[in-house]
Amino acid sequence: MRYDLVIFDNDGVLVDSEPISNRLLAGYLTELGHPTSYEDSIRDYMGSAMHRVHDLVLERTGRRLPEDFDEVFHARVFAAFERELRPVPGVTDVLEKLAADGVPYCVASSGSHERIRVGHRTTGLDRWFTDERIFSSEDVGRGKPAPDLFLYAAERMGVAPGRCVVVEDSPLGVQAAVAAGMDVYGFTAMTPPERLADAGRLFADMGELVGLLV
């Protein structure tokens, strides 16, 4: 492999959670008097940490979301995950190949540690991701599009940024990887390719990824 570390985003790359979480986020914001469509949620919030939701709503409306917004939202998401969540098709084959070849990998997600772990337990991906391979925006001061999370993950994994590749499906994540000085491959299964134009490579099927890494 041409890289010393493969850094995966989580939502939409490892677990097929974006349709679930964005449907619920749009519904909850609308319920609170901030009309939001599924498409709006994908455009504005996909790949971002929760503070971005609070910041954008406040900026656009001058109103703060309820103090228990994150708690209520995550409770709804976790309940839906138990019913609906699946791994992204083909990703277990990728992880199996990386593990067999001894290629270091990790996950660096805008989601909370709890969200990452709930998703992995539900889908069986927890067998691939021990605690030392899991990094969250909770670990750093700023989430994506700031490079902090990816730089932190690389540092903890003992790999120079220039030897890392990031697998991302959101424009914010691609921005963060580029800002970190890392190569980035854009996964376009849910995201229009033009929104990931800054990625070095684009691919639509997870089965293509291993071939891109060698």
Side-chain angles (χ1 to χ4, degrees), residues 5-25 28 41-42 45-54 69-92 94-96 98-99 104-157 159 164-170 172-174 176-177 180 182 184-185 187 189-191 206 209:
L5 178 64
V6 181
I7 304 177
F8 292 95
D9 177 42
N10 188 56
D11 295 293
V13 172
L14 295 176
V15 295
D16 196 14
S17 54
E18 294 290 10
I20 299 170
S21 58
N22 282 283
R23 182 187 76 228
L24 293 172
L25 180 58
Y28 190 23
S41 184
I42 291 286
Y45 304 122
M46 182 171 159
S48 65
M50 287 301 294
H51 67 76
R52 179 178 170 86
V53 181
H54 290 264
F69 179 86
D70 291 12
E71 180 182 350
V72 172
F73 174 64
H74 284 127
R76 295 181 183 187
V77 167
F78 296 162
F81 279 3
E82 295 290 344
R83 299 189 302 268
E84 305 173 43
L85 191 62
R86 299 291 183 272
V88 167
V91 79
T92 54
V94 173
L95 295 170
E96 207 164 70
L98 294 178
Y105 63 89
C106 65
V107 57
S109 172
S110 292
S112 66
H113 276 282
E114 184 183 14
R115 178 184 173 118
I116 297 167
R117 285 167 169 78
V118 167
H120 287 188
R121 285 197 303 270
T122 303
T123 58
L125 293 184
D126 54 342
R127 63 177 292 205
W128 304 106
F129 289 94
T130 51
D131 286 349
E132 63 269 17
R133 294 181 187 267
I134 298 176
F135 304 100
S136 160
S137 61
E138 292 180 325
D139 299 327
V140 295
R142 299 180 298 168
K144 305 170 190 178
D148 304 36
L149 176 57
F150 289 139
L151 292 173
Y152 176 75
E155 179 184 9
R156 289 292 301 273
M157 295 292 290
V159 178
C164 299
V165 63
V166 175
V167 184
E168 264 287 356
D169 71 331
S170 76
L172 293 175
V174 169
M182 300 176 180
V184 55
Y185 292 173
F187 183 44
M190 266 196 66
T191 310
M206 194 55 71
L209 181 57

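What you are looking at is a predicted structure, and each value in this text was computed from that prediction instead of being measured. Hydrogens, waters and symmetry mates play no part in the numbers below; they use all other heavy atoms, side chains included. Throughout, numbering of the chain's residues begins at 1 and tracks the sequence.
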A.B. asks: Hey, mind stepping through Val15 and Asn10 against side chain to side chain contact (heavy atoms under 4.5 Å, CB included) and telling me if it holds?
C.D. replies: CA-CA 6 Å; Val15 295; Asn10 188 56; 3.7 Å; yes
A.B. asks: Nearest 0.5 Å please: distance from the OG1 atom of Thr122 over to the CD atom of Glu84.
C.D. replies: 11.5 Å
A.B. asks: Using 30° and 60° as the class limits, which term best fits the ring planes of His74 and Phe78: parallel, tilted or perpendicular?
C.D. replies: parallel
A.B. asks: Roughly how far, to the nearest 0.5 Å, is CD1 of Ile134 from CZ of Arg117?
C.D. replies: 4.0 Å
A.B. asks: Which atom pair, heavy atoms only, marks the closest approach of Trp128 to Ala99?
C.D. replies: CZ3-CB, 4.0 Å
A.B. asks: List the atom of Pro89, the atom of Met206, and the distance in Å for their closest heavy-atom pair.
C.D. replies: O-CB, 3.3 Å
A.B. asks: With rounding to the nearest 0.5 angstrom, report the CG to CD distance, Leu149 to Glu138.
C.D. replies: 11.0 Å
A.B. asks: Could you pull out the closest heavy-atom pair between Leu85 and Gly119, with the gap in Å?
C.D. replies: CD2-CA, 3.6 Å
A.B. asks: Are more than 12 heavy atoms from other residues, nucleotides or ligands located less than 6.0 Å from atom CD of Glu132?
C.D. replies: yes
A.B. asks: Set out, in order, the CA-CA distance, both residues' side-chain angles and the distance that settles side chain to side chain donor-acceptor pair (under 3.5 Å) for Glu114 and Ser112, then state yes or no.
C.D. replies: CA-CA 5 Å; Glu114 184 183 14; Ser112 66; 5.1 Å; no
A.B. asks: Please walk me through it: do Val94 and Phe8 pass side chain to side chain contact (heavy atoms under 4.5 Å, CB included)?
C.D. replies: CA-CA 11 Å; Val94 173; Phe8 292 95; 4.0 Å; yes
A.B. asks: Going by side chain to side chain contact (heavy atoms under 4.5 Å, CB included), name the residues that satisfy it together with Val159, two or more places apart in sequence or in a different chain.
C.D. replies: Asp4, Leu5, Arg163, Cys164
A.B. asks: Could you tell me the separation between the OG atom of Ser110 and the CZ atom of Arg52, rounded to the nearest 0.5 Å?
C.D. replies: 10.0 Å
A.B. asks: Salt bridge or not for Asp9 and Lys144, using N-O below 4.0 Å?
C.D. replies: yes
A.B. asks: Report the C-alpha separation of Ile116 and Phe129 in whole Å, then their side-chain angles, then the decisive distance to 0.1 Å, and conclude whether the side chain to side chain contact (heavy atoms under 4.5 Å, CB included) test is met.
C.D. replies: CA-CA 10 Å; Ile116 297 167; Phe129 289 94; over 6 Å; no
A.B. asks: For residues Leu24 and Ala80, report the shortest heavy-atom separation together with the two atoms involved.
C.D. replies: CD1-CB, 3.8 Å
A.B. asks: Do the side chain of Ser136 and the main chain of Gly111 share a donor and acceptor less than 3.5 angstrom apart?
C.D. replies: yes
A.B. asks: Could you tell me whether the side chain of Tyr152 and the main chain of Ala108 form a donor-acceptor pair under 3.5 Å?
C.D. replies: no
A.B. asks: For the residue pair Met157 and Ile7, establish whether any side-chain heavy-atom pair is separated by less than 4.5 Å.
C.D. replies: no
A.B. asks: Taking only residues two or more places apart in sequence or in another chain, which ones pass side-chain hydrogen bond (donor to acceptor under 3.5 Å, both in side chains) with Tyr45?
C.D. replies: none
A.B. asks: Sequence neighbours left out, what passes side chain to side chain contact (heavy atoms under 4.5 Å, CB included) with Glu18? Give chain and number order.
C.D. replies: Asp11, Ser21, Asn22, Met46, Asp169, Met190
A.B. asks: Grab the two heavy atoms, one from Ala180 and one from Leu151, that are nearest each other, plus how far apart they are.
C.D. replies: O-CD2, 3.6 Å
A.B. asks: Quick check for you: to the nearest 0.5 Å, what is the distance between Arg115 atom CZ and His120 atom NE2?
C.D. replies: 10.5 Å
A.B. asks: Are the aromatic rings of Phe150 and Phe135 close, with centres under 6.0 Å apart?
C.D. replies: no
A.B. asks: Taking all heavy atoms of Leu14 and all of Leu125, pick out the closest pair and write down the distance.
C.D. replies: O-CD1, 3.4 Å
A.B. asks: Over 60° means perpendicular and under 30° means parallel, so tell me whether Tyr28 and Phe73 are parallel, tilted or perpendicular.
C.D. replies: parallel
